[in-house]
Amino acid sequence: MSNSNTTDFTNPSTFILQGIPGLEAAHVWISIPFCAMFIIAILGNFAILLIVKMEPSLHGPMYYFLCMLAIADLVLSTSILPKMLAIFWFNSREIDFSACLTQMYFVHCFSLMESGIIVAMGFDRYVAICHPLRHSTILTIPVVSKMGLAVVLRSAMVILPIPILARQWPYCRTNIIPEPFCAHMAVVQLACGNTQVSSYYGLFVLLCVMGLDGIFIIVSYIQILRDIFSLPTKDTRLKTFGTCVSHLCVILTFYIPGLLSSLIYRFVQNVPQHFHALIGNMNLLVPPMLHPIIYGVRTKEIRDRLLWFITHKE
């Protein structure tokens with residue numbers, strides 16, 4: 001393993017993942033909450049998939065979208081955590097150039113996929129509240145399947161240029177990435193020459209694609225709130241709004257930290273590297289941990305089925 005910060009190469013065979021720059025001495029301690037979040041994310045999302053599969057009453061559009069979200073969370077967590085823990089525990093910092101680009105693709109592809117799934121869940125809430133009598137005829141199984149396929153294909157195609165462009169650039173500065181995983185901008189900043197195409201494309205994905213998702217969600221909730229406030233009694237309004245709380249919590253935990261992190265990375269100067277690394281990792285690890293907790297606590301059907309499963313086992 002090379003410890004040199006500068007080296008002359010055009011296409012490195014390996015990158016060196018630095019972990020959390022400046023906090024190397026605390027890597028073992030940092031790994032404890034990260035490992036705990038990983039375990040909770042794995043167990044929680046597998047529990048969601050198992051409960052929905054076992055309970056016929058949960059075989060509906062909202063729960064199918066929830067299963068898609070759980071699968072995306074599982075792939076996102078396992079894309080970065082095993083290598084990250086290997087860095088923290090065994091100082092295994094090297095990652096093959098192709099493996100780095102593959103990790104980059106999976107991280108950004110499934111992050112974008114989660115955004116699309118959250119939009120689909122928002123559409124489900126809109127139909128359920130604004131057109132309740134037509135919910136079963138609008139969101140049929142074929143329609144849900146097509147929406148899911150569209151989300152997957154959109155993410156796969158939109159993110160594909162990111163690793164392709166990253167492979168094209170010559171890397172002649174250093175092969176040390178100041179992160180515990182291969183983030184897009186962290187890799188591109190190591191390249192020589194004019195990499196504005198990669199930077200602008202990443203910004204396009206953030207603002208135009210995910211921003212458009214945000215606009216769709218805002219528009220759907222404007223319609224939802226308008227219908228809720230037109231309901232006759234306060235109890236009815238609160239009960240109807242309560243069906244959206246889980247989805248709103250997922251929106252907040254996914255969009256706000258990710259947007260702030262990306263904007264800080266691109267536009268705010270003189271931010272310590274360890275801050276970038278920590279906030280970037282929290283953005284990827286916290287949502288997969290919180291999503292099953294949010295739906296497990298807020299959704300009565302899932303909560304009851306989980307409690308029955310636990311007591312039945314006992």
Mind checking the CZ-CD1 spacing from F123 to I217? Nearest 0.5 Å is all I need. 13.5 Å

Given side chains that start at C-beta, do those of Y201 and I162 come closer than 4.5 Å, heavy atoms only? yes

Side chain to side chain contact (heavy atoms under 4.5 Å, CB included) involving Y64 - partner list, sequence neighbours excluded: H59, I141, V144

Nearest 0.5 Å, what's the CG-CE distance between L284 and M37? 10.5 Å

A166 versus F97, closest heavy-atom pair with distance: O-CZ, 4.4 Å

Provide the closest heavy-atom pair for I177 versus A186 in the form atom of the first, atom of the second, distance. CG2-CB, 3.9 Å

Taking every heavy atom of C130 against every heavy atom of P132, the minimum-distance pair comes out as C-CD, 3.4 Å

Atom CE in M185, atom CG in L190: separation rounded to 0.5 Å? 10.5 Å

Rounded to the nearest 0.5 Å, what separates atom CG in L17 from atom CG in N91? 11.0 Å

So do the side chains of F181 and M104 get within less than 4.5 Å of each other, counting heavy atoms only? no

Could you walk me through whether R237 and S230 pass side chain to side chain donor-acceptor pair (under 3.5 Å), step by step? CA-CA 8 Å; R237 290 194 292 268; S230 67; over 6 Å; no

Is H108 reaching over with its side chain to a backbone N or O of H184, donor-acceptor style, under 3.5 angstrom? yes

Would a distance-only check, ignoring hydrogens and angles, find a side-chain to backbone donor-acceptor pair under 3.5 Å from S31 to V28? yes

Side chains of I30 and F34, heavy atoms from C-beta outward: is any pair under 4.5 Å? yes

Would you say I118 and V250 make side-chain contact, with heavy atoms under 4.5 Å? yes

Members sharing W29's hydrophobic cluster (side chains within less than 4.5 Å): I32

Just checking, is any N or O donor in the side chain of T195 or S198 under 3.5 Å from an acceptor N or O on the other one? no

Listed pairs under 3.5 Å, donor-acceptor, residues 74-81 side chains, sequence neighbours left out:
residue : atom : partner : partner atom : Å
S77     : OG   : D73     : O            : 3.0
T78     : OG1  : L74     : O            : 2.8
T78     : OG1  : V75     : O            : 3.2
S79     : OG   : V75     : O            : 2.6

Closest approach of C244 to I129 (non-hydrogen atoms, all atoms of both residues): SG-CD1, 3.2 Å

Scanning both residues in full, the closest heavy-atom pair of M210 with S115 reads CE-CB, 3.9 Å

Can you tell me which residue pairs pass the ring-ring contact (aromatic ring centres under 6.0 Å, His included) test with a partner in residues 230-251, sequence neighbours excluded? Y221-H247

What residues, two or more places apart in sequence or in another chain, satisfy side-chain hydrogen bond (donor to acceptor under 3.5 Å, both in side chains) together with H135? D124

Min side-chain heavy-atom separation M84-F38 under 4.5 Å: no

How would you list, by chain and number, every residue that makes a side chain to side chain contact (heavy atoms under 4.5 Å, CB included) with T253, sequence neighbours excluded? L290, H291, I294

Mind checking what makes side chain to side chain contact (heavy atoms under 4.5 Å, CB included) contact with L238, not counting sequence neighbours? K234

Heavy atoms of A99 and I95 approach each other most closely as CB-CG1, 3.9 Å

Contacts of E55 that satisfy salt bridge (Lys or Arg N to Asp or Glu O under 4.0 Å) - sequence neighbours left out: R305

dist D235:CG -> T240:OG1 (nearest 0.5 Å) comes out at 10.5 Å

Check: Q103 main-chain N/O paired with K83 side-chain donor or acceptor under 3.5 Å: no

Here the gap from S92 atom OG to L85 atom CG, rounded to the nearest 0.5 Å, amounts to 11.5 Å

Residues that C100 engages under disulfide bond (SG atoms under 2.5 Å apart), provided they are two or more places apart: C182

Do the side chain of R93 and the main chain of I87 share a donor and acceptor less than 3.5 angstrom apart? no

Parallel, tilted or perpendicular, judged at 30° and 60°: which one describes the rings of F88 and H27? tilted

Sequence neighbours excluded, which residues qualify as ring pair (Phe, Tyr, Trp, His ring centres under 6.0 Å) partners of F110? F106

Tell me whether N281 contacts the main-chain N or O of P180 through its side chain, where contact means a donor paired with an acceptor under 3.5 Å. no

Any chance you could pull the hydrophobic cluster mates of V219, using side-chain heavy atoms under 4.5 angstrom and chaining through other members? I215

With sequence neighbours excluded, what pairs up with R154 under the salt bridge (Lys or Arg N to Asp or Glu O under 4.0 Å) test? D213

Does some side-chain heavy atom of F15 sit less than 4.5 Å from a side-chain heavy atom of V187? yes

